[in-house]
Every structure is written in C-alpha cells, then in structure tokens.
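Have a look at the structure below before the remarks.
Only heavy atoms go into these numbers, but all of them, side chains included; no hydrogens, no water, no symmetry mates.
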Amino acid sequence: MLNETDVDCNLVTSPVTSDVKTINRAVLDIMPLALATVPWGILCGSLAINIGLTAIQAQLMSLLVFAGAAQLASITILGAAGAISSIFSSTFVISSRHLLYSAVFREHVRQRSFLSRCCIAFFLTDEMFAVTCAYIEKHKTFSALYAISAGITFYVVWNVSTFAGIVAGQYIPNLEKLGLEFAIAATFIAIVIPSIKDPSILIAVLVSGFSALVLSIYLPDSALIIATITGMLAGYFTPIKE
C-alpha cells in the first residue's frame, strides 16, 4: 500500500519525467536539420574570416545574430564594402519570413511570460518552426519547453559549426569554393517537402519557387517578398476538394 510520502514523490517525479521526455524529443527532432546546416555554418565562419573579421567578431555574429541567411548576406555586403543601409535592408527582407512564423505562434505564446516569449523569439528559426509545428500537429498542443529546447539545440550546433568554419578559414584557403552553400537549399527542401500534404500547399510551393527563380533575375532586391506573397495567394485561392 502506498503511503502519503510515496504519493507526493510520484506527483513530483511525474512532471519532471515528462519534461525530460519533451526535451529529449525536441533534441532528436531538430538534430537532423541542425546537422544538415553544419556546412552552412562552416561557410559563414570561414567567409567572415576571409573578409577580415576577427575570430571573436565572426563568432559573435552567430552568437548574437543567429540567422544563417542574414549572416551570409551581411558578410557578403561587408566583403564588398557595401553601405550599412544595404546590410539593414537586405537582412530585413531576408528575415521578413519570421513575421509569418511569429503570426503562427502568436496565439500560443501571448499568455506566456515576457522572458518566455523573448526566448522563443530569439531561438525562432526555420528549423525550430518546422519541428514545433509538426509537434503541434501531432500532439494538438503547443509546448514552450519543446520549442525552446529545439531552438537551443540548433543554436549550439550552429555556433559549433561556425567555430569550425572560423578555424578552417584560417588554415584552408578558398574554403568557400568547396560548394558548402548546397546545405542552404538542402535544408529548406528538407523542411518544405514533409509539409506538402494537400494541393493548396503544393501549389503554393511550386508558384513561390518558380516566382523566386524568375524574379531573382529581374527583381533580385524584392524577389523573396514578391515570391512569398504570390505563393501564399496561389495557395489561398486553390480550390479545396471536399
């Protein structure tokens, strides 16, 4: 027969066990996507060194900015001696997709503490968003612990890979010519493909992808935003068969 002490211990350990399982699940779910971006992180670190940043400056970009595409764009502009305004405008356009991510998470996090919302906002990446949405779809609930755990895991892998790029960039010449940028496309393909579950999403993906390719030739500065809006509208107006 259980005594009162045993009951109290069970009540305490049950939530703890559940939290540990949630954290482990988040780490396992995000790890394949995190490892896929290792070449991307190495590229960011090596390019930062090649344009003249110190090792500390290069690492701080990943520690504080934590946005691969924005980092690559800003590094490229810095290397070409571009204006600060160009860096801000380019990174704003590239990172504008996070406005959509935050809109999706808004109802899930609006009642949480300011610190919790700040943590989720900082660790919000394409990869964290993808695995968290999959978690919500599977469990029909949002878990801040899951989202933050996935985000921290990706953050650690990204910064370790950046450090590897910083070290490699000082000893391996022309590292950027090894084609490491393939990881960017591969990662986004890995994120998008599993989410295609109905015709409207498929149409949105195809239209936005085609638009991005065409517009990158004629309107490179605004191709991403226009392609995103075009794809959203195409998906929205695609008839749904009942």
Would you find a donor on one side and an acceptor on the other, under 3.5 Å apart, between the side chain of [X] and the backbone of [Y]?
X      : Y      : answer
Ser74  : Ala70  : yes
Ser116 : Arg112 : no
Gln57  : Leu53  : no
Ser46  : Leu43  : yes
Asp29  : Val131 : no
Tyr236 : Ala204 : no
His98  : Ser95  : yes
Gln59  : Ile56  : no

Distance, nearest 0.5 Å, that separates [atom1] of [X] from [atom2] of [Y]:
X      : Y      : atom1 : atom2 : answer
Arg106 : Arg117 : CZ    : CZ    : 10.5 Å
Thr17  : Asp19  : OG1   : CG    : 9.0 Å
Leu219 : Ile226 : CG    : CD1   : 5.0 Å
Ile229 : Ser96  : CD1   : OG    : 8.5 Å
Phe92  : Leu99  : CZ    : CG    : 6.0 Å
Thr54  : Ile49  : OG1   : CD1   : 7.0 Å

Residue pair [X] / [Y]: nearest heavy atoms and the distance that separates them:
X      : Y      : result
Val38  : Ser161 : O-CB, 3.6 Å
Ala69  : Ile94  : CB-CG2, 3.5 Å
Met128 : Ala147 : CG-O, 3.4 Å
Ala34  : Val157 : O-CG1, 3.6 Å
Val207 : Ala234 : CG2-CB, 3.8 Å
Ala48  : Ala58  : CB-CB, 3.5 Å

Answer whether the closest heavy-atom distance between the side chains of [X] and [Y] falls below 4.5 Å.
X      : Y      : result
Tyr155 : Asn159 : yes
Trp40  : Leu72  : yes
Leu100 : Met232 : yes
Lys197 : Leu202 : no

Give a yes or no on whether [X] and [Y] share a hydrophobic cluster (residues Ile, Leu, Val, Met, Phe, Trp, Tyr; joining criterion: side-chain heavy atoms under 4.5 Å apart).
X      : Y      : value
Leu213 : Leu233 : no
Leu35  : Leu28  : no
Val156 : Ile148 : yes
Phe66  : Leu64  : yes
Ile84  : Ile75  : yes

Of Phe142, Tyr146, Phe129, the one forming a ring-ring contact (aromatic ring centres under 6.0 Å, His included) with Tyr135 is Tyr146
Would you please indicate yes or no on a ring centroid separation below 6.0 angstrom for Phe123 and Phe154?
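No, too far apart.
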Residues that [X] engages under side chain to side chain donor-acceptor pair (under 3.5 Å), provided they are two or more places apart:
X      : value
Glu107 : Arg110
Tyr101 : Asp126
Thr162 : Ser62

Start with the C-alpha distance between Leu33 and Thr37, add both sets of side-chain angles, then the distance that settles side chain to side chain contact (heavy atoms under 4.5 Å, CB included), and finish with yes or no.
CA-CA 7 Å; Leu33 291 175; Thr37 62; 5.9 Å; no
Quick check: are there more than 12 heavy atoms from other residues, nucleotides or ligands sitting under 6.0 Å from CZ of Phe88?
no
Could you check Leu47 against Gln71 for side chain to side chain contact (heavy atoms under 4.5 Å, CB included), going step by step and ending with a plain yes or no?
CA-CA 10 Å; Leu47 283 177; Gln71 286 178 229; over 6 Å; no
